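The structure presented is a predicted model; accordingly, all values stated were derived computationally and were not measured. Any value given below was found using the heavy atoms of this structure, including those in side chains, with hydrogens, waters and symmetry copies removed.
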Amino acid sequence: MARPYDVVEIERKWQDRWRDEGTYNVDNDDPRERFYALCMYPYPSGKAHQGHVRNYTFGDLVVRYQTMLGKAVLSPLGFDSFGLPAENAAIKDGSHPRTYTEARIHELKTSIQRLGAVHDWRREVRSHDPEYIKYSQLIFLRFLENDLAYRAEAPVNWCPGCGTVLANEQVHADGTCDRSGDLVERKNLEQWFFRITKYADELLQDIDTLEWPERVKTMQRNWIGRSEGVEFDLVFADNDALALRVFTTRPDTGFGVTYAVVAPEHPLLDVLTLPEHDEAVRELVERAGSASEVERSSSSESGIGLEKRGAFTGSYVINPFNQQKVPVFVADYVLGTYGTGAIMAVPGEDERDYAFAQAYGLPIIRTVERPADFEGGSYNGDGPHINSDFLDGLQITEAKREATTFLEANAAGIAKVNFRLRDWLVSRQRFWGCPIPIIYCDNCGIVPVPIEDLPVLAPDDVTMTSTGQSPLATHEGFRNVTCPKCGGKGKREADTMDTFTDSSWYFLRFADPFTPGVPFDPKEVAKWMPVDQYIGGIEHAILHLLYARFYMKALVDIGLAPGLPREPFKRLFTQGMIRMGGSKMSKSKGNLIAPEMYFDTVGADSLRLFHLFLGPPADDSDWTEQSDELIDGCARFLDRLYRLAMLEEVNFHDTFDAEDLAVVRSVHRTIVRVTEGLDRWSYNTSVAALMELLNTTSKWARSEGGAHQATLDDAVDTMLKLLAPMAPHMPAELWEIRHGVSSSLHAQSWPVADEAMLVNETVVMAVQINGKVRARLDVDPEISEDDAARAAQDSPEIQRALEGATVQRVIARPPRLVNIIS
RNA sequence: GGGGGCGUAGCCCAAUUGGCAGAGGCAAGGCGCUUAAACCGCCUCCAGUGAGGGUUCGAGUCCCUCCGCCCCUACCA
């Protein structure tokens, strides 16, 4: 494609200028209204891919648009630079993860700048910078002081592929690793945890205050998984000094309990198991324990209704509701980590209990009356209680209340709220992460590294392995230290922190990376927080976005961030994915279409426009064979604008006539349409509106009658301004050509439409007879209902069409249409 | 199994509170420009909105049923 200007050169010129002049640097004491625009900081994987392009195109649009609206816009960027790929690459080719990572950062940063995205690079944060490590560690120690970090042994998810443990959030439902796809194994290990569950209720409640996509909010609510119920005792039948503690959300079904179940990990299992059942129980426990999560949770392809495996322990407990003896089973469908690890089983009203009861021939008692036409096993709908003594006739809500009161009086019961959310396991047996600043001393136990000794940095001469042990564990020089407390021998913690800890506070550092000696000065940060617009991928709906919310609340509570809002991200936008052939575009699938290729040819402006124009920003889009043609179409649009602005083939006339007025009206209507599009994340329609205006304007200016010069100039200038946030380079160049080097397009104010120009003298009103359009009339836009109805019936076409018919009803909706029913 | 989303022209997509189905782009075809082609300019073609039913003067839009595709989630008692 022959272009009317040198795309690559112009884009480079403006990118250099924005960077070198710090055009988008912004100071914390800027007097303008503030706006904090943030794209999720990327893992530096090398040159940008189309997903990055989409993300940063949207982000940059917000930055430039808000700037033109007169605000001081904070637009920082950094790199989530710790993580496994760098370490794995290092293991493979013998380089140091830092060397590898910094090379990738350079590539990605270059790509982002070549896209024309602008940032205040003075605020750049990289997770692996010693300064950032220092404060990540400081936060860890403050968490420890405030009982938000603790060490415990727990069954953990261990990924053999990554050679490390993972948080629950990083394991898929099918038991595979979020990163490597390997089957995750369960191991009992001593690990560090963050007490995110302390904030479970607040994290849940505050979701309501967020302007986030409903989808993401729902996902977080489900993940936190609050459920209200009762915890109570089932006393052993042959020893009333012992009891099995169970949790239920359906105390109202207590009369339907026909057995109890404990998890294979349950501490009382040994006590419960009688000798003659020992073998069966042990077999069950072994299978559940050694089996990966995937085997344990997917023994049938149909999900629910799967084979419930269990064994009778030989013991019985007493149902406090009716004093009946019921058998205690151990089964793998009860989880040791939820509730009390034991349940009362009610097959009549719980489908899992029903399936188990069926398989093991256990009795089923209905305690809620089923609708007459109900088919199937368990029934969990509402209805009057039956077979339930004092609960008979009550609906679920009331029966629950009564049953809870009963259990509180008779079975050591207590109303309780349980959460699905678990504490956040942050230990990672890897090298390329932030070292956990802890020393283990034979005398003193767990000793925090003194603040003045931070940061704890990993040494460079470490052999990378993925054997399941931290690479740092074998480095004697790093490991062996004197205990800061007693001076005795100590060993450093060899694990590093989950990299999600780094991304949980970087947005605070961005707001103030300038104050020495602290991670950030809350007073400075308060000038920007919360983030006004956060933009990123839906894949972080739970992980990052939940962790960051937790950090925010915790940092405020422990005094590191006093006076700051308790929620970090006020508004969130999740952009759609770019798919290819139906699946996600990714390096591993080898279907990447490198943006660099487009920067070198059609230019960043065209690629940006393509991403904006492709479809609704929130929707997934496909990269197809047609994409290159669409990108060319965007380039063509830019070129046409360029030629018009350079007055190629344009004719002029002197007086301002009706056609000029029509163009002025189009310009103002376009201002409204583009602005509305930007405000409601409908970028595709904003672009379309601009294309339409260009079509109108070109035709008019190139017609024989020609254009009124001032009108054309204004139309072109307005188009350049409206286009500036979307495709920032060429319009900036044109503006400079037209207005001189001292005037900058991006420093212009966003155009405001003149209300008077938004109304036409006449509009076309459709006249229907029985819903069919029979005439179109030019009417005053302010026409009244009566006048509209009269005008419609007076029009010759309508009179002709109505000949011989009786008008039964006239519906007038001025000034759009009149419908005559005959 | 549960939750959410989407089906409009050959393709990507528009369409205020229900109010004339088409804004924009791509592709295709034609004409002009050109020695020719590309580029460029102008013009044209194309659907009745996945299927069926309902509400309404009027439904792409609201309600019900069905079909197709996509995403999330999944033994949490």
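Between the side chains of A:E349 and A:T367, at least one donor-acceptor pair of N or O atoms lies under 3.5 Å. Looking at A:R640 and A:N695, their side chains do bring a donor and an acceptor atom within 3.5 Å of each other.
Here B:G7 sits opposite B:C67 as a Watson-Crick or G-U wobble pair (both hydrogen-bonding atom distances under 3.5 Å). Across every strand in view, B:A23 sits unpaired, with no contact that passes the Watson-Crick or G-U test at under 3.5 angstrom. Under the Watson-Crick or G-U wobble criterion, with both distances below 3.5 Å, B:G1 is paired with B:U73. The partner of B:C40 is B:G32, by the rule that a Watson-Crick or G-U pair needs both atom distances under 3.5 Å.
Residue A:R608 contributes atom CZ, which lies 21 Å from atom P of B:G25 at whole-angstrom precision. The separation between A:Y338 atom OH and B:C75 atom P is 12 Å, rounded to whole Å. At whole-Å resolution of the value, CG in A:L614 and C1' in B:G24 are 13 Å apart. Remark: P of B:G24 and CE of A:M719 are 15 Å apart, rounded to the nearest angstrom. For A:L630 and B:C26, the CG to P distance is 8 Å, given to the nearest whole Å. Look at CD1 on A:I542: it is 8 Å from C1' on B:U73, rounded to the nearest Å. The interatomic distance linking A:E676 (CD) with B:A23 (P) rounds to 18 Å, in whole Å. Rounded to an integer number of Å, the gap from CG of A:L638 to C1' of B:G25 is 13 Å.
Regarding the sugar-base torsion, B:G5 falls in the anti class, its angle being beyond 90° of 0.
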Please tabulate the protein-to-nucleotide N/O contacts below 3.5 Å involving nucleotides 57-60 of chain B, giving atom names and distances.
from, atom 1, to, atom 2, distance (Å)
B:C57, OP1, A:R809, NH1, 3.2
B:C57, O2, A:N819, ND2, 2.6

Atom pairs, N/O to N/O, protein against nucleotides 14-17 of chain B, distance under 3.5 Å?
from, atom 1, to, atom 2, distance (Å)
B:A14, OP1, A:N684, ND2, 3.1

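Spacing between B:U49 and B:C39 at atom C1', rounded to whole Å, works out to 37 Å. The separation of B:G32 from B:G25, taken at their P atoms, amounts to 23 Å, rounded to a whole angstrom. B:C75 and B:G60 have their C1' atoms separated by 42 Å, with the value rounded to a whole Å. Using P as the reference atom, B:C13 and B:A74 are 29 Å apart when rounded to the nearest Å. Across the C1' atoms, B:C70 and B:G10 are found 22 Å apart, a figure rounded to whole Å. Using atom C1' as the reference point in both B:G24 and B:G5, the two lie 25 Å apart (nearest Å). Taking the C1' atoms as reference points, B:G53 lies 15 Å from B:C67, given to the whole Å. The same atom, C1', is picked in B:A59 and in B:U16; the two are 16 Å apart, to the nearest Å.
With hydrogens and angles ignored, no donor-acceptor pair under 3.5 angstrom links the side chain of A:Q626 to the base of B:C12.
Set against B:A77, B:A23, B:C26, the side chain of A:F247 has B:A77 as its closest nucleotide. Here the nucleotide nearest the side chain of A:R579, chosen from B:A23, B:C70, B:C75, is B:C70. Nearest nucleotide to the A:I343 side chain, out of B:A77, B:C26, B:C75: B:A77. The side chain of A:Y333 lies closest to B:C75, out of B:C75, B:A77, B:G25. Of the candidates B:C42, B:A74, B:A77, B:A77 carries the atom nearest the A:V334 side chain, counting heavy atoms from C-beta on. Among the nucleotides B:G19, B:C42, B:C71, the one closest to the side chain of A:L817 is B:G19. The A:E692 side chain lies nearest to B:G24 when the options are B:C72, B:C43, B:G24.
Scored by the side-chain hydrogen bond (donor to acceptor under 3.5 Å, both in side chains) test, A:E785 finds no partners at all (sequence neighbours excluded).
For the pair A:E231 and A:K416, the salt-bridge criterion is met [side-chain N within less than 4.0 Å of a carboxylate O]. Taking a cutoff of 4.0 Å between a charged side-chain nitrogen and a carboxylate oxygen, A:R245 and A:D233 qualify as a salt bridge.
Each of A:K699, A:R673, A:R669 was checked for a salt bridge (charged side-chain N to carboxylate O under 4.0 Å, His left out) with A:E692, and the lone residue meeting it is A:R673.
A:N651 places a side-chain N or O within 3.5 Å of a backbone atom of A:S703 that can act as its donor or acceptor partner. Remark: the backbone N or O of A:G576 is paired with a side-chain donor or acceptor of A:R54 at under 3.5 angstrom.
Aromatic pair A:F232/A:F247: centroids not less than 6.0 angstrom apart. In this structure, the ring of A:Y683 has its center no less than 6.0 angstrom from the ring center of A:F613.
Nearer to the 5' terminus of RNA chain B, by closest-nucleotide assignment, is the contact made by A:V764 (compared with the other of A:V764 and A:S227). Heavy-atom distances to RNA chain B give each of A:R702 and A:C634 a nearest nucleotide, and the one nearer the 5′ end belongs to A:C634.
The environment of A:L758 atom CG is dense: over 12 non-hydrogen atoms of other residues, nucleotides or ligands sit within 6.0 angstrom.
For B:G24, the OP1/OP2 oxygens have no side-chain nitrogen or oxygen of A:R673 closer than 4.0 Å. Taking side-chain N and O atoms only, A:N695 has a distance below 4.0 Å to OP1 or OP2 of B:G25. Applying the 4.0 Å criterion to OP1 and OP2 of B:A77, one finds that A:K416 has every side-chain N and O outside that range.
Within the nucleic acid shown, A:V346 has no heavy atom closer than 4.0 Å to any nucleic acid atom.
Looking at heavy atoms from C-beta onward, A:T258 lies in side-chain contact with A:P347 at the 4.5 angstrom threshold.
Annotation: cation-pi geometry not satisfied between A:R579 and A:W623 (NZ/CZ under 6.0 angstrom from ring centroid, within 45° of ring axis).
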